[in-house]
Amino acid sequence: MRAIQLGALALFLFASSVYAQSAQHVRGDIASIEGTKLIVHTRTGDTIPIELADNYKVVAVVPASRGALKEGAFVGAAAMPEPDGTQRALEVLVFPESGRGSGEGHYPWDLKPGSTMTNATVAEVAKVDQGERLTLKYKDGEKTVVVPHDVPIVTFEPGSREMLRSGAHVLVSARPKPDGSLTAASVLVGKDGLVPPM
């Protein structure tokens with residue numbers, strides 16, 4: 001069951017990255033949920049209704065240790081470009097092994113204006129004054145990402161629908177329907193009050 005749930009998670013993340021231009025990443029707190037009708041109060045103050053698929057999946061976002069940033073790990077790093085060509089991480093997601101390869105590459109992200117996402121394998125880890133410097137290699141190239149000491153590092157574990165309650169912090173990759181309403185197949189929810197940082 002765990003493998004099935006994490007496999008669904010990998011597909012969700014892959015779709016999120018591939019369809020970044022048409023998907024809407026809704027970040028905020030649950031205002032209410034009734035059946036498959038989810039209402040999210042966003043970080044920008046909007047209230048957005050989302051219709052969840054009948055078989056929607058819930059994935060928990062949980063803290064990971066800095067020790068998880070090691071050679072061979074497959075990670076997703078949201079970051080801001082630096083003048084010297086490196087990337088300064090805003091957060092790092094350490095994928096479960098079943099998610100390896102999800103959304104591999106380097107592309108624009110919408111966490112902050114001008115931010116990027118790099119999903120890649122850690123080829124090298126070096127300690128620097130700011131934290132760790134990761135060399136991330138993906139099929140079309142590589143990026144150097146500096147991970148400051150205060151940057152959140154997270155991973156995923158299977159979640160449950162019971163976690164979706166008023167006040168829970170969520171990230172939903174929603175797709176617009178022809179009528180402008182939003183629909184989604186999965187919900188990322190922070191476990192024990194964690195705010196999904198990606």
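Although no hydrogens or angles enter the test, the distance criterion places a donor-acceptor pair under 3.5 Å between the side chain of R27 and the main chain of M198. Remark: the backbone N or O of H25 is not paired with any side-chain donor or acceptor of S173 at under 3.5 angstrom.
By the side chain to side chain donor-acceptor pair (under 3.5 Å) test, S65 pairs with no residue at all, sequence neighbours left out. Partners of S166 according to the side chain to side chain contact (heavy atoms under 4.5 Å, CB included) rule, which considers only residues two or more places apart in sequence or in another chain, do not exist here. In this view, E34 satisfies the side chain to side chain donor-acceptor pair (under 3.5 Å) rule with no residue, not counting sequence neighbours. Under the side chain to side chain donor-acceptor pair (under 3.5 Å) criterion, D129 pairs with no residue at all, not counting sequence neighbours. Looking at residues two or more places apart in sequence or on another chain, you find a salt bridge (Lys or Arg N to Asp or Glu O under 4.0 Å) between E142 and K137. Applying the side chain to side chain donor-acceptor pair (under 3.5 Å) criterion to T135, with sequence neighbours excluded, gives no partner residue. Residues satisfying the salt bridge (Lys or Arg N to Asp or Glu O under 4.0 Å) criterion with R88, sequence neighbours excluded, are absent altogether. When the ring-ring contact (aromatic ring centres under 6.0 Å, His included) test is applied to F74, the partners found at least two apart in sequence or on another chain are F95.
Pairs of residues two or more places apart, or lying in two chains, never qualify as ring-ring contact (aromatic ring centres under 6.0 Å, His included) while including a residue from residues 172-198. Sequence neighbours left out, the pairs with a member in residues 60-70 that pass salt bridge (charged side-chain N to carboxylate O under 4.0 Å, His left out) are R66-E132. Pairs of residues two or more places apart, or lying in two chains, that qualify as salt bridge (charged side-chain N to carboxylate O under 4.0 Å, His left out) and include a residue from residues 187-198 are E157-K191. Here side chain to side chain donor-acceptor pair (under 3.5 Å) pairs that include residues 144-155, with residues two or more places apart or in two chains, number zero.
Counting heavy atoms from C-beta outward, V75 and L93 have side chains that stay 4.5 Å or more apart. For the pair V59/M163, no side-chain contact is recorded, criterion being any heavy-atom separation below 4.5 Å from C-beta on. With a 4.5 Å cut-off on side-chain heavy atoms, L69 and V94 count as touching. Proximity of Q24 to L182: side-chain heavy atoms (C-beta onward) are separated by under 4.5 Å at one or more points.
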One pair to check against side-chain contact (heavy atoms from CB on, under 4.5 Å): V189 and V61. What are the steps and the verdict? CA-CA 6 Å; V189 58; V61 183; over 6 Å; no
Passes side-chain contact (heavy atoms from CB on, under 4.5 Å), Y138 versus T118? Steps please. CA-CA 8 Å; Y138 48 95; T118 305; 4.1 Å; yes
Before you tell me yes or no, could you show the steps for H106 and D140 under side-chain contact (heavy atoms from CB on, under 4.5 Å), namely the whole-Å CA-CA distance, both residues' side-chain angles and the distance that decides it to 0.1 Å? CA-CA 9 Å; H106 176 78; D140 297 322; over 6 Å; no
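A single hydrophobic cluster is seen to contain both V170 and V26, as judged by linkage of ILVMFWY side chains at heavy-atom distances under 4.5 Å, directly or through other members. Cluster annotation: I48 is not connected to I39 through the hydrophobic network of ILVMFWY side chains, with a link wherever side-chain heavy atoms come within less than 4.5 Å. In the hydrophobic clustering of ILVMFWY residues, with side-chain heavy atoms under 4.5 Å counting as a link, V40 and L52 come out together.
Between V147 and the choices L90, V128, V92, the side chain to side chain contact (heavy atoms under 4.5 Å, CB included) rule is met once, by V92.
Side chains of Q87 and T116: a donor on one and an acceptor on the other come within 3.5 Å.
Using a cut-off of 4.0 Å between Lys/Arg side-chain N and Asp/Glu carboxylate O, D29 and R165 are scored as not salt-bridged.
When every heavy atom of V172 is checked against every heavy atom of A184, the shortest pair comes out as CG1-CB, 3.5 Å.
The number of heavy atoms from other shown groups lying within 6.0 Å of CG (D84) is above 12.
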